[in-house]
Colleague: 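Before I ask anything, here is the structure I am working with.
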Protein chains: 4
Amino acid sequence: MNTNQPNSIPKRKPGRPKVEKSPTKMSILRTGAFLFMEVGYEKVSLESVAKACGITKASVYYYFNNKSELFTECLVAVMTIAHNATATILSEPIPLKDKLIKIAIRQMSNAHLDFESMMRDAAVELSDEQTENIRKAEKKLHDVVHDAFQNAINSGEINNHHSPIVLAHTFVALLTMKNHLNLKQQQIPVEQLVAQLIEILWTGIQNEG
Amino acid sequence: MNTNQPNSIPKRKPGRPKVEKSPTKMSILRTGAFLFMEVGYEKVSLESVAKACGITKASVYYYFNNKSELFTECLVAVMTIAHNATATILSEPIPLKDKLIKIAIRQMSNAHLDFESMMRDAAVELSDEQTENIRKAEKKLHDVVHDAFQNAINSGEINNHHSPIVLAHTFVALLTMKNHLNLKQQQIPVEQLVAQLIEILWTGIQNEG
Amino acid sequence: MNTNQPNSIPKRKPGRPKVEKSPTKMSILRTGAFLFMEVGYEKVSLESVAKACGITKASVYYYFNNKSELFTECLVAVMTIAHNATATILSEPIPLKDKLIKIAIRQMSNAHLDFESMMRDAAVELSDEQTENIRKAEKKLHDVVHDAFQNAINSGEINNHHSPIVLAHTFVALLTMKNHLNLKQQQIPVEQLVAQLIEILWTGIQNEG
Amino acid sequence: MNTNQPNSIPKRKPGRPKVEKSPTKMSILRTGAFLFMEVGYEKVSLESVAKACGITKASVYYYFNNKSELFTECLVAVMTIAHNATATILSEPIPLKDKLIKIAIRQMSNAHLDFESMMRDAAVELSDEQTENIRKAEKKLHDVVHDAFQNAINSGEINNHHSPIVLAHTFVALLTMKNHLNLKQQQIPVEQLVAQLIEILWTGIQNEG
DNA sequence: AATGAATGAGTGTTCATTCAT
DNA sequence: AATGAATGAACACTCATTCAT
């Protein structure tokens with residue numbers, strides 16, 4: 001580009017250039033996501049997020065207009081990551097049952113709250129648009145599981161006694177069990193727990209061929 | 001009151017004595033239980049409990065030392081009631097599968113939060129003793145289900161591929177699905193949902209005899 | 001009242017009886033009124049009101065649900081007092097001109113902001129009902145002045161060249177002049193200032209009889 | 001820049017030089033003046049000024065050291081403009097009464113806050129020097145009115161019953177009435193309102209010759 | 001010349017808790 | 001038995017101001 005051509009001087013934006021994806025913003029997102037998943041919407045104060053990032057509350061507001069907006073962006077990020085990881089596993093050339101086990105282990109290893117509980121907690125403060133955005137990200141996650149069950153039904157890998165919708169929800173419901181069990185004394189290793197859960201589910205849906 | 005005066009000996013009423021707890025205290029317990037189950041620990045203010053009872057905040061403190069104590073007593077009450085109802089159903093002379101369905105329908109018909117989510121919400125504010133008290137009440141509920149599964153295994157009604165502990169937890173985990181599904185568009189009637197869920201579980205554990 | 005009659009025991013309300021017009025509440029009202037009139041809505045923080053009363057911010061909230069409610073009650077109180085004082089003066093058996101002077105002196109001696117400026121300041125935060133309440137109290141003040149001018153026109157005490165509406169507003173507008181003059185160096189004694197102002201107004205409206 | 005190099009002597013443009021102030025600074029001044037007059041000192045955030053100018057908050061600080069300085073310069077500018085306009089009208093060869101009407105109409109047509117209310121709003125944050133600067137600009141406006149009244153008294157156009165100081169202030173006070181009336185239901189056309197107000201004032205001060 | 005980043009001080013509001021009555 | 005009064009600690013959010021780039 002020739003800056004000497006009088007008619008087409010490409011005006012370089014004045015002032016300090018913006019950093020691509022500000023590390024501070026990323027730090028807030030990561031910390032927020034972790035905290036929200038850990039203790040829920042209400043119990044996370046912006047002060048705590050800031051402190052965990054080593055910055056000030058006001059700085060959080062520099063990047064996010066308010067708490068519900070931060071929450072939304074954090075949740076969408078988490079959902080997107082979970083979706084990608086799940087989709088990757090589902091596309092592997094292994095039996096569905098093994099995929100389900102891998103997904104369950106991964107999910108349960110991430111300490112986090114039950115998704116619906118958290119949404120209920122945040123519900124009153126989220127705008128319709130924000131709720132929709134999170135739901136959209138969540139639906140993508142569900143859809144990828146739903147499709148996997150649908151395909152398995154079509155290919156005869158599992159029987160067609162149950163709608164893939166219910167199967168997907170059942171699978172997700174089982175994933176929350178880790179929280180139920182973890183908080184009590186009986187510490188069962190994740191792998192073992194997953195194995196048993198999937199076994200139960202699988203016996204109920206497998207094709208007897 | 002002078003108990004020595006012959007005329008004023010407080011005659012102990014014959015028959016089963018009424019519950020000794022003052023009606024006000026009972027009212028607080030009932031209201032608190034409902035509200036806590038409805039919206040969780042943090043979102044229930046003592047002011048709201050008082051107002052719902054038609055009394056003042058200070059009156060709540062007259063009967064309960066603090067919020068966590070009220071919470072504890074409410075939860076223990078709820079658990080005890082649920083335990084009794086469950087035990088009654090389990091003692092009926094019908095197949096285990098039908099019992100599970102009856103229990104599931106009853107549980108899901110009571111709109112309420114996921115138990116574990118609520119405990120996590122309240123966790124930081126509960127003393128160890130309070131947590132233990134609630135857990136004890138909850139354990140009684142689980143035990144009664146656990147015993148039912150154990151008996152079914154012993155009697156051969158279901159297979160012995162899975163530990164009764166996991167079965168009990170799986171069963172309880174499935175019970176929380178109502179919340180997951182209800183919050184979304186697809187409104188499925190409780191009975192139908194229960195039927196499908198128990199069907200899946202049952203196929204996984206029934207004895208093939 | 002006979003408390004022995006079993007059917008009509010006048011239940012004495014339980015608990016600590018409420019003080020008639022709580023001195024604390026009165027103190028808040030007085031202090032708030034003074035501060036609001038002195039520096040306007042936004043610049044008065046509830047913290048400052050509380051401190052001026054020797055209590056805590058939370059205590060202010062014990063008596064008033066929020067800032068706008070406190071503001072409303074303060075303003076209505078001020079307006080009511082001003083109305084009563086004005087009405088009293090207007091009912092005295094002296095010439096209208098003298099009444100106007102007395103009113104003006106009283107008004108100007110109370111240091112306060114221009115009423116409309118303050119309302120504009122508070123406007124965005126007041127509910128429609130609150131605004132209406134204040135306006136109602138203000139209207140009573142204006143009406144009593146308006147009626148006085150109307151009567152004077154009817155009785156021929158002043159000419160009928162101007163509508164009583166405009167006369168009332170002109171009179172009130174002149175009352176705000178103290179603020180304009182006071183803030184500058186030229187300190188003119190209130191009485192002298194009032195005399196000149198009313199003189200100008202009066203010459204414009206008196207009947208030449 | 002080396003001014004010794006013969007080829008780069010910055011040639012001073014012939015004729016009247018353009019206003020030296022950068023267009024950005026002028027934009028800030030204009031926008032600030034408008035906003036301050038519209039909603040007062042406190043309610044104008046530097047963010048809003050910047051956004052209205054299409055620049056950043058930090059840029060405002062590049063041209064003005066702080067908010068009170070911006071306010072001061074804005075107000076002085078407004079006052080100067082008002083002074084010039086008023087002086088122009090007063091120098092026209094028409095009767096004083098007509099001049100007053102023209103001035104009043106012009107003033108009332110510019111939607112803005114009462115000047116004194118705004119000064120009181122900003123008072124605590126202005127340095128003595130800043131306050132003085134604004135007052136000086138305002139005084140020039142008052143003086144030109146004051147002189148007009150003085151001249152009218154000297155020439156016998158109006159009577160000498162009132163000091164020109166009070167007359168000037170009375171005139172200015174009447175100018176604020178628009179705000180008082182506009183905010184209520186009775187919408188009176190500016191011209192009609194002005195006519196009535198000046199009529200009252202005029203009857204009170206005219207010479208009966 | 002102009003900006004992105006960051007902050008400290010303050011504001012309205014809520015709520016569990018205490019205490020004298 | 002029940003209540004009115006009062007409080008301290010926390011929280012979401014705003015804004016003028018600073019500074020390196």
Side-chain angles (χ1 to χ4, degrees), chain A residues 12-19 22-25 42-50 53-68 70 125, chain B residues 22-25 42-50 53-68 70 125, chain C residues 12-19 22-25 42-50 53-68 70 125, chain D residues 22-25 42-50 53-68 70 125:
Chain A
R12 191 180 163 289
K13 258 206 186 158
R16 179 173 172 179
K18 216 181 293 191
V19 173
S22 154
T24 305
K25 181 165 189 174
E42 296 278 10
K43 290 206 156 174
V44 172
S45 73
L46 294 198
E47 178 83 37
S48 69
V49 174
C53 292
I55 57 176
T56 338
K57 203 180 7 169
S59 295
V60 178
Y61 276 93
Y62 178 74
Y63 291 101
F64 303 91
N65 286 322
N66 47 48
K67 189 179 179 180
S68 66
L70 173 61
E125 306 212 18
Chain B
S22 99
T24 303
K25 181 163 189 176
E42 294 279 10
K43 292 204 163 175
V44 172
S45 73
L46 294 197
E47 178 82 37
S48 70
V49 174
C53 291
I55 59 177
T56 23
K57 214 182 354 174
S59 296
V60 177
Y61 274 90
Y62 179 75
Y63 290 102
F64 302 91
N65 286 323
N66 47 46
K67 188 179 179 181
S68 66
L70 172 61
E125 307 210 16
Chain C
R12 191 178 163 290
K13 258 203 186 160
R16 176 174 175 179
K18 214 182 294 191
V19 173
S22 154
T24 305
K25 180 165 188 175
E42 296 278 11
K43 291 205 154 174
V44 173
S45 74
L46 294 197
E47 179 83 36
S48 70
V49 174
C53 292
I55 58 178
T56 339
K57 208 181 2 171
S59 295
V60 177
Y61 275 92
Y62 177 73
Y63 291 101
F64 303 90
N65 287 320
N66 47 48
K67 189 179 181 182
S68 67
L70 173 61
E125 306 212 17
Chain D
S22 98
T24 304
K25 180 163 189 176
E42 295 279 10
K43 294 205 160 172
V44 172
S45 73
L46 293 197
E47 179 84 36
S48 69
V49 174
C53 291
I55 59 178
T56 24
K57 213 180 358 172
S59 297
V60 178
Y61 274 91
Y62 179 75
Y63 289 102
F64 302 90
N65 286 321
N66 46 46
K67 189 179 180 181
S68 64
L70 172 61
E125 308 212 16

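Every value quoted in this text rests on a predicted model; they were computed, and no experiment measured them. Letters A, B, ... are given to chains in the order of the sequence lines, protein chains preceding strands, and every chain is numbered from 1.
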Colleague: For DNA chain E, produce a single dot-bracket line, 5' to 3'. Pairs: Watson-Crick or G-U wobble, both distances under 3.5 Å. Symbols: ( ) within strand, [ ] crossing, | other strand, . unpaired.
Modeller: .||||||||||||||||||||

Colleague: Roughly, in whole Å, what's the span from CZ in D/Phe64 to P in F/dT17?
Modeller: 14 Å

Colleague: Tell me the closest heavy-atom pair linking A/Val44 and A/Lys67, and the distance in Å.
Modeller: O-NZ, 2.8 Å

Colleague: Taking all heavy atoms of C/Ser48 and all of C/Ser45, pick out the closest pair and write down the distance.
Modeller: OG-O, 2.6 Å

Colleague: For D/Tyr63, what residues pass the side chain to side chain donor-acceptor pair (under 3.5 Å) criterion, not counting sequence neighbours?
Modeller: D/Ser22

Colleague: Quick one: salt bridge (charged side-chain N to carboxylate O under 4.0 Å, His left out) partners of A/Glu42, sequence neighbours excluded?
Modeller: B/Lys43

Colleague: Is there a side-chain polar atom (N or O) of C/Ser59 under 4.0 Å from OP1 or OP2 of F/dT7?
Modeller: yes

Colleague: Looking at E/dA2, I'd like to know if its phosphate oxygens (OP1 or OP2) sit under 4.0 Å from a side-chain N or O belonging to D/Thr24.
Modeller: yes

Colleague: Touch check for D/Tyr63, heavy atoms < 4.0 angstrom, all strands: base, sugar-phosphate only, or nothing?
Modeller: sugar-phosphate

Colleague: What pairs of donor and acceptor atoms, side-chain ones from residues 53-61 of chain C against any protein atom, are under 3.5 angstrom apart with sequence neighbours left out?
Modeller:
none

Colleague: B/Tyr62 side chain: which of F/dA5, F/dA1, E/dA6 is closest?
Modeller: F/dA1

Colleague: Against the six-membered ring of D/Tyr62, is D/Lys25 placed for a cation-pi contact (under 6.0 Å from the centre, within 45° of the normal)?
Modeller: no

Colleague: Rounded to the nearest Å, what distance is computed from the CD1 atom of residue B/Ile55 to the P atom of nucleotide F/dT3?
Modeller: 6 Å

Colleague: Determine, for nucleotides 8-13 of chain E in 5'-to-3' order, which nucleotides have protein heavy atoms under 4.0 Å from the base (write B), from only the sugar-phosphate (write S), or from neither (write -).
Modeller: B--SBB

